[in-house]
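I have placed the structure first, in the form of structure tokens, so that the comments after it can refer back to it.
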Amino acid sequence: MSILIFGSSGQLAQSLRDTKPADKRPTFIDRDTCDLSDPDQVTTILEKKKPELIINVAGYTAVDKAEEEPQQAQLVNEEAVRCMAKYAHARGAQFIHLSTDFVFDGTKQTPYLPGDATGSLGEYGQSKLAGEFAALKEAPESTMIIRTAWVYSEHGSNFVKTMLRLMRERDELGVVDDQRGAPTYARGLAETIWQIADHDLFTAGIYHWTDAGNITWCEFAKAIQKEALEAGRLSKSIPINPITTEDYPTPAARPAYSVLDNNKLAKLVGIEPTPWRQNLKLMLSRL
Ligand SMILES: NC(=O)c1ccc[n+]([C@@H]2O[C@H](COP(=O)([O-])OP(=O)(O)OC[C@H]3O[C@@H](n4cnc5c(N)ncnc54)[C@H](OP(=O)(O)O)[C@@H]3O)[C@@H](O)[C@H]2O)c1
């Protein structure tokens, strides 16, 4: 099966490269090869490469910057996705597309199911939700949407790496303690995606995948410090103080609660998500 992966340098793209089964020869498409803000380029590369499976892990992911440039976010997260879905429908290809917990408004108190009502709070979430709608409209039979959340890895920049840097630089930290979610190690998510591709498990629909358990950002920061100290990645401990979302204003609003229910995808792939703390330890050991 010929596989084309949109994304090359992102966290999930690099994790897909790290975990690729030996017999798979995917083509990774970077920004220089195809600028996703230009729909014509997306269609052209697809017609040239003619993949049987598209995996889209590229996206406009700058949550706060999207408030300033919503059109750019919309082109990459909606229009490019529409082109991929149109191709999948026309050519009978499979399309695995990554989406986000930010399609929800965070008012629920129990884990979000894939079929729950959506309602994004900012431009990024809105553009990702529009991408989901576009894909499901153009190719409902060929699209598998996987929503994830709080992604980190040894690649790129992310919360874990930022916290480690700040814990080295500062004497004290304040971290938001009223937003709850599930951290997700990109490597574990990549393995789940390969499980789908490698075992012919593709099944159209909307799915969720994060690591197991849920915490606040402040609890996550404390865990990062504890595990990094034990792993010898930090040499000193600093106080980490809980603060509120109001204390740390950002251009884009974020859901207060965005825990996702993973059961549908866990059942499909026959793998239970790994507890977040176990994956955090694994990531620190690989950093
Ligand atoms: N990170 C999270 O916490 C999180 C949470 C929920 C869902 N997700 C979703 O998971 C997926 C993967 O996330 P990630 O963390 O791996 O993202 P990431 O590290 O930010 O990588 C995004 C990738 O998209 C590429 N890209 C952005 N604009 C582009 C354009 N105009 N043309 C071509 N390529 C472009 C980037 O290329 P450059 O390197 O050239 O910029 C980068 O390789 C995304 O769909 C994201 O929405 C992520």
Side-chain angles (χ1 to χ4, degrees), residues 4-19 28-42 44-46 54-66 69 71-81 83-84 95-104 106 112 120-132 134-135 143-163 179 181-190 192-193 206-211 217 220 252 254-255 258-260 262 276 279 283:
L4 190 138
I5 299 178
F6 283 101
S8 182
S9 56
Q11 296 193 80
L12 197 45
Q14 295 199 61
S15 302
L16 282 169
R17 199 179 273 113
D18 291 345
T19 55
F28 288 85
I29 303 292
D30 63 15
R31 188 192 289 262
D32 292 340
T33 311
C34 177
D35 183 347
L36 295 181
S37 63
D38 178 355
D40 288 345
Q41 290 191 30
V42 179
T44 302
I45 194 103
L46 286 168
I54 305 164
I55 303 176
N56 181 29
V57 291
Y60 184 109
T61 56
V63 176
D64 289 320
K65 205 168 160 210
E69 41 181 45
Q71 275 178 326
Q72 184 70 8
Q74 187 247 347
L75 281 172
V76 176
N77 291 344
E78 180 182 5
E79 293 313 320
V81 176
C83 294
M84 295 173 202
F95 178 30
I96 298 178
H97 172 61
L98 269 292
S99 192
T100 171
D101 56 330
F102 278 32
V103 300
F104 295 117
Y112 279 97
S120 54
L121 297 177
E123 295 292 346
Y124 164 73
Q126 181 53 42
S127 67
K128 294 292 292 186
L129 187 55
E132 290 189 4
T143 300
M144 196 165 178
I145 290 170
I146 303 177
R147 297 184 186 133
T148 187
W150 295 27
V151 177
Y152 69 93
S153 67
E154 51 274 42
H155 307 294
S157 58
N158 54 64
F159 184 79
V160 176
K161 289 168 81 176
T162 302
M163 283 299 120
Q179 289 172 26
T184 305
Y185 183 27
R187 189 182 176 89
L189 175 55
T192 302
I193 293 171
I206 302 178
Y207 299 85
H208 291 167
W209 192 265
T210 62
D211 288 346
W217 288 115
F220 193 29
R254 280 136 166 94
S258 65
V259 181
L260 303 178
N262 297 312
W276 64 265
N279 268 344
M283 181 271 195

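Ligands are counted one by one from 1 in listed order, and the atoms in each one are counted from 1 as well. Residue numbers start at 1 and run along the sequence shown. Side-chain atoms are counted along with the backbone in the values below, which use heavy atoms only and exclude waters and symmetry mates.
- The nearest protein atom to atom 3 (O) of ligand 1, hydrogens excluded, is given as Val151 N, 2.9 Å; this is a heavy-atom distance.
- With atom 34 (N) of ligand 1 as the reference point, the heavy atom nearest to it among Arg31, Gln14, His97 is part of Arg31.
- Residue Leu12 has at least one nitrogen or oxygen atom sitting less than 3.5 Å from a nitrogen or oxygen atom of ligand 1, judged on distance alone.
- Of the candidates Thr210, Thr100, Asp38, Leu98, it is Leu98 that places a heavy atom closest to atom 10 (O) of ligand 1.
- Between Asp30 and ligand 1, no N or O atom pair is found at a separation short of 3.5 Å.
- The nearest heavy-atom contact from the protein to atom 19 (O) of ligand 1 is Gln11 N, 2.9 Å.
- Scanning the protein heavy atoms around atom 45 (O) of ligand 1, the nearest turns out to be Lys128 NZ, 2.7 Å.
- A tilted orientation is assigned to the rings of Phe159 and Trp217, their planes being inclined by 30° to 60°.
- Checking each of Gln126, Glu79, Glu69 against Gln74 for a side-chain hydrogen bond (donor to acceptor under 3.5 Å, both in side chains) leaves exactly one that passes, namely Glu79.
- Remark: among candidates Phe28, Tyr124, Phe102, Tyr152, the nearest residue to atom 47 (O) of ligand 1 is Tyr124, based on non-hydrogen atoms.
- Among all non-hydrogen protein atoms, the one lying nearest atom 17 (O) of ligand 1 is Thr61 CG2, 3.7 Å.
- Minimum interatomic distance between Leu46 and Met84 (heavy atoms only, all atoms of both residues): CD1-CA, 3.8 Å.
- Between Asp64 and Arg254 a salt bridge is recorded (basic side-chain N to carboxylate O distance below 4.0 Å).
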For salt bridge (Lys or Arg N to Asp or Glu O under 4.0 Å), just list the numbers for Asp101 and Lys128, CA-CA rounded to whole Å, side-chain angles, deciding distance to a tenth of an Å, and then say yes or no.
CA-CA 10 Å; Asp101 56 330; Lys128 294 292 292 186; over 6 Å; no
